[in-house]
Amino acid sequence: MSKEAFQTQLEDYAKWFHQHPEASYEEYETTERIARILNDNGIEILPSGLKTGLVAQVKGSKKAEGESHVVAIRGDIDGLPITEESGVPYASVNEGYLHGCGHDYNMTVALGAALLLQRRRDQFAGTVKVIFQPAEEVSADKNTPTGAVAVLRTGVLEDVEVFFGTHDSNGGEPGEYFIGAGPQSGAVDKYRIRIHGKGSHAAHANSGVSPIRPAVALIDGIETISTKNVDPIHPRAISVTHIEAGSTWNVIPRDAFIEGTVRTAYAEDRTLIHDRIRDIANGTSLAYDVEIDFDWEYGSPSVYNDSEWTQFAKDTAASLGLVVREPDASLGGEDFSYYQQEAPGVFLNIGVGNGDRPMHGPTFYPKLDALSDSAELLSRLAQGALSRL
């Protein structure tokens with residue numbers, strides 16, 4: 001198949017996926033479509049027990065000189081609960097949902113890479129596992145894990161030695177690839193603080209203990225951490241996003257509530273900020289004679305690209321004649337980081353244009369011009385990694 005014909009094939013796939021976005025852990029039609037394409041091309045789907053999403057594998061037929069190795073590539077498949085306003089002729093037919101973060105693009109790239117690897121089985125030894133991951137966008141909590149965690153819990157990736165993942169970016173044009181070492185996203189954590197005082201009539205403030213003043217002191221303390229405690233060259237964001245106290249003008253309330261989010265690029269900053277907020281809360285409790293409950297909920301860690309594999313990815317892209325750029329710092333969350341807790345990996349961004357259409361917005365869609373080049377890069381990364389291992 002010519003490159004032009006392959007590009008057209010991938011565009012057809014991407015447009016269908018764009019038309020059929022589905023919610024996290026409800027990607028049934030998407031999973032069925034991917035499975036049908038894989039089956040039609042003789043690509044093995046591994047039994048995993050996943051309700052949505054799947055893991056396939058392509059085994060090279062070339063004889064290995066030593067032990068057989070395993071690498072993995074990943075695309076994500078869920079949409080967002082947003083009504084589409086993009087104006088494209090292949091807009092969403094699933095009312096209230098949109099592929100507004102470009103997962104239609106990501107899964108098409110992974111699918112294209114799988115097809116290329118299947119055609120080139122005689123050129124490599126080892127196994128490439130292809131992850132079509134559900135629920136990257138899910139609002140994860142203790143009872144509902146993010147999709148990467150769900151896939152890892154199946155055990156089908158326990159033998160993977162290197163992970164590669166891609167994501168589209170409207171920060172670049174088609175043909176631009178953003179590959180960098182070190183932190184590529186933010187760890188996503190949330191905190192909640194409940195302050196328990198003693199309510200009273202506002203005219204008799206001395207008979208109560210207001211939770212409002214300690215809440216203000218806490219917020220002041222939290223907002224100094226970023227400038228006073230964290231290495232100034234480390235990306236981080238500490239935000240207070242929600243405050244509640246009282247219900248009327250003449251009553252001192254009993255309780256106050258504060259919550260927010262912390263985004264960090266480095267693991268040591270994640271620990272430092274957690275400990276500082278906890279210590280400030282404990283000190284405020286003593287200073288203002290109130291009880292304070294502090295709760296911290298860990299989300300996905302920071303994506304952290306291995307330096308050696310990142311250089312390998314840059315060299316591979318350059319060898320294909322692609323434009324490679326350094327990525328901008330970002331504290332957005334990305335659950336590809338969970339795979340990197342199991343084995344080293346590289347997460348790279350693919351330019352798709354439309355920089356005036358915000359991702360996670362109703363008008364966004366990725367330009368499809370570089371689908372075949374992106375699938376080629378991802379397949380070459382997998383194939384080259386097996387040779388390098």
Side-chain angles (χ1 to χ4, degrees), residues 1-20 29-46 54-63 71-77 88-90 99 102-133 164-168 173-177 313 315-324 348 350-353 365-387:
M1 180 184 291
S2 69
K3 179 179 178 181
E4 292 75 18
F6 187 49
Q7 171 70 21
T8 299
Q9 181 184 37
L10 295 185
E11 287 182 12
D12 289 342
Y13 291 156
K15 289 175 181 179
W16 189 94
F17 291 135
H18 188 87
Q19 279 191 301
H20 299 84
E29 192 175 12
T30 303
T31 301
E32 181 181 353
R33 176 78 169 186
I34 293 169
R36 188 183 319 129
I37 295 169
L38 295 173
N39 285 325
D40 288 347
N41 286 274
I43 297 174
E44 179 185 5
I45 297 173
L46 297 174
L54 59 86
V55 178
Q57 71 176 12
V58 179
K59 288 189 173 184
S61 59
K62 188 176 180 180
K63 186 177 180 180
V71 302
I73 58 179
R74 175 267 209 170
D76 40 12
I77 70 172
V88 297
Y90 50 91
H99 270 301
H103 293 186
D104 49 341
Y105 194 96
N106 306 338
M107 71 176 107
T108 303
V109 170
L111 184 57
L115 297 178
L116 290 173
L117 289 163
Q118 179 72 354
R119 295 171 194 168
R120 299 170 179 159
R121 296 190 309 281
D122 62 341
Q123 298 179 19
F124 66 92
T127 300
V128 181
K129 295 189 174 181
V130 189
I131 307 162
F132 295 93
Q133 181 206 298
F164 295 99
T166 69
H167 203 291
D168 61 309
E173 291 300 317
E176 295 181 305
Y177 295 81
D315 293 343
T316 301
S319 73
L320 295 172
L322 305 177
V323 177
V324 179
L348 58 96
I350 301 169
V352 294
Y365 69 95
K367 295 179 182 178
L368 305 179
D369 308 53
L371 276 172
S372 61
D373 284 342
S374 302
E376 180 71 38
L377 173 58
L378 190 57
S379 68
R380 293 296 180 183
L381 289 174
Q383 193 172 328
L386 288 173
S387 297

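This structure is a prediction, so every number in the text was calculated from the model and none was measured.
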**Complete:** Taking every heavy atom of Ala114 against every heavy atom of Val130, the minimum-distance pair comes out as CB-CG2, 4.0 Å

**Prompt:** How long is the gap from OG1 on Thr166 to CG on Leu378, to the nearest 0.5 Å?
**Reply:** 5.5 Å

**Prompt:** Mind checking what makes salt bridge (charged side-chain N to carboxylate O under 4.0 Å, His left out) contact with Arg33, not counting sequence neighbours?
**Reply:** none

**Prompt:** Can Phe17 and Glu29 be said to form a side-chain contact (heavy atoms from CB on, under 4.5 Å), step by step?
**Reply:** CA-CA 10 Å; Phe17 291 135; Glu29 192 175 12; over 6 Å; no

**Request:** Evaluate the side-chain contact (heavy atoms from CB on, under 4.5 Å) criterion for residues Val109 and Met107: first the C-alpha distance (whole Å), next the side-chain angles of each, then the deciding distance (0.1 Å), finally the verdict.
**Result:** CA-CA 5 Å; Val109 170; Met107 71 176 107; over 6 Å; no

**Request:** Measure from NZ or CZ of Arg74 to the centre of the six-membered ring of Phe132, then state whether that distance is under 6.0 Å and the direction lies within 45° of the axis.
**Result:** no

**Message:** Please identify which of these residues, Leu115, Val128, Leu117, Val58, meets the side chain to side chain contact (heavy atoms under 4.5 Å, CB included) condition with Ser379.
**Reply:** Leu117

**Prompt:** Can you tell me how far the OG1 atom of Thr30 sits from the CG atom of Asp104, to the nearest 0.5 Å?
**Reply:** 9.5 Å

**Request:** Show the numbers, then the answer: is there a side-chain contact (heavy atoms from CB on, under 4.5 Å) between Lys15 and Tyr365?
**Result:** CA-CA 10 Å; Lys15 289 175 181 179; Tyr365 69 95; over 6 Å; no

**Complete:** Of all heavy-atom pairs linking Ala375 and Leu10, the shortest is CB-CD1, 4.0 Å

**Asked** Do the side chain of Glu176 and the main chain of Val323 share a donor and acceptor less than 3.5 angstrom apart?
**Response** no

**Request:** Determine yes or no for a side-chain-to-main-chain donor-acceptor pair under 3.5 angstrom, with Asn106 supplying the side chain and Asp168 the backbone.
**Result:** yes

**Request:** Heavy atoms only: give me the nearest Leu371-Ala14 pair and the separation to one decimal.
**Result:** CD1-CB, 3.9 Å

**Prompt:** So which heavy atom on Asp122 is nearest to which on Lys62, and how close?
**Reply:** O-CB, 3.8 Å

**Request:** Report the residues that fulfil ring pair (Phe, Tyr, Trp, His ring centres under 6.0 Å) with Tyr90, sequence neighbours left out, ordered by chain and then residue number.
**Result:** His18

**Fill in**
Rounded to the nearest 0.5 Å, the CG atom of Leu111 sits from the CD1 atom of Ile77 at a distance of 11.5 Å

**Message:** Using a strict threshold of under 4.0 Å (side-chain N to carboxylate O), is an ion pair present between Glu173 and Lys367?
**Reply:** yes

**Request:** Assess whether side-chain contact (heavy atoms from CB on, under 4.5 Å) is satisfied between Asn39 and Ile45, documenting all intermediate values.
**Result:** CA-CA 8 Å; Asn39 285 325; Ile45 297 173; 3.9 Å; yes

**Message:** Between Phe164 and Leu348, is there a side-chain heavy-atom distance shorter than 4.5 Å?
**Reply:** no

**Asked** Do Gln118 side-chain atoms and Asn41 backbone N/O form a donor-acceptor pair below 3.5 Å?
**Response** yes

**Item:** Ser61 side-chain N/O to Arg121 backbone N/O, donor-acceptor pair under 3.5 Å
**Value:** yes

**Message:** Quick check: closest heavy atoms across Ala318 and Val324, and the distance to 0.1 Å?
**Reply:** N-CG2, 4.2 Å

**Prompt:** Going through the checks in order, is the salt bridge (Lys or Arg N to Asp or Glu O under 4.0 Å) test met by Arg120 and Glu376?
**Reply:** CA-CA 12 Å; Arg120 299 170 179 159; Glu376 180 71 38; 2.9 Å; yes

**Gap separating the CD atom of Glu44 from the CG atom of Leu46, nearest 0.5 angstrom** = 5.0 Å

**Asked** Is the closest basic N to carboxylate O distance between Lys3 and Asp373 below 4.0 Å?
**Response** yes

**Request:** Please say which of Glu4, Glu11, Gln7, Met1 ends up in a side chain to side chain contact (heavy atoms under 4.5 Å, CB included) with Ser372.
**Result:** Gln7

**Asked** Could you give the distance from CZ (Phe124) to CZ (Arg380), rounded to the nearest 0.5 Å?
**Response** 10.5 Å

**Request:** Any chance you could measure Trp16, atom CH2, to Gln19, atom CD, to the nearest 0.5 Å?
**Result:** 9.0 Å

**Asked** Which pair of non-hydrogen atoms, one from Ala113 and one from Ile73, has the smallest distance, and what is that distance?
**Response** CB-CD1, 3.7 Å

**Message:** Under 3.5 Å, is there a donor on one side chain and an acceptor on the other for Tyr177 and Ser374?
**Reply:** yes

**Asked** Does the gap between the ring centers of His99 and His20 come in under 6.0 Å?
**Response** no

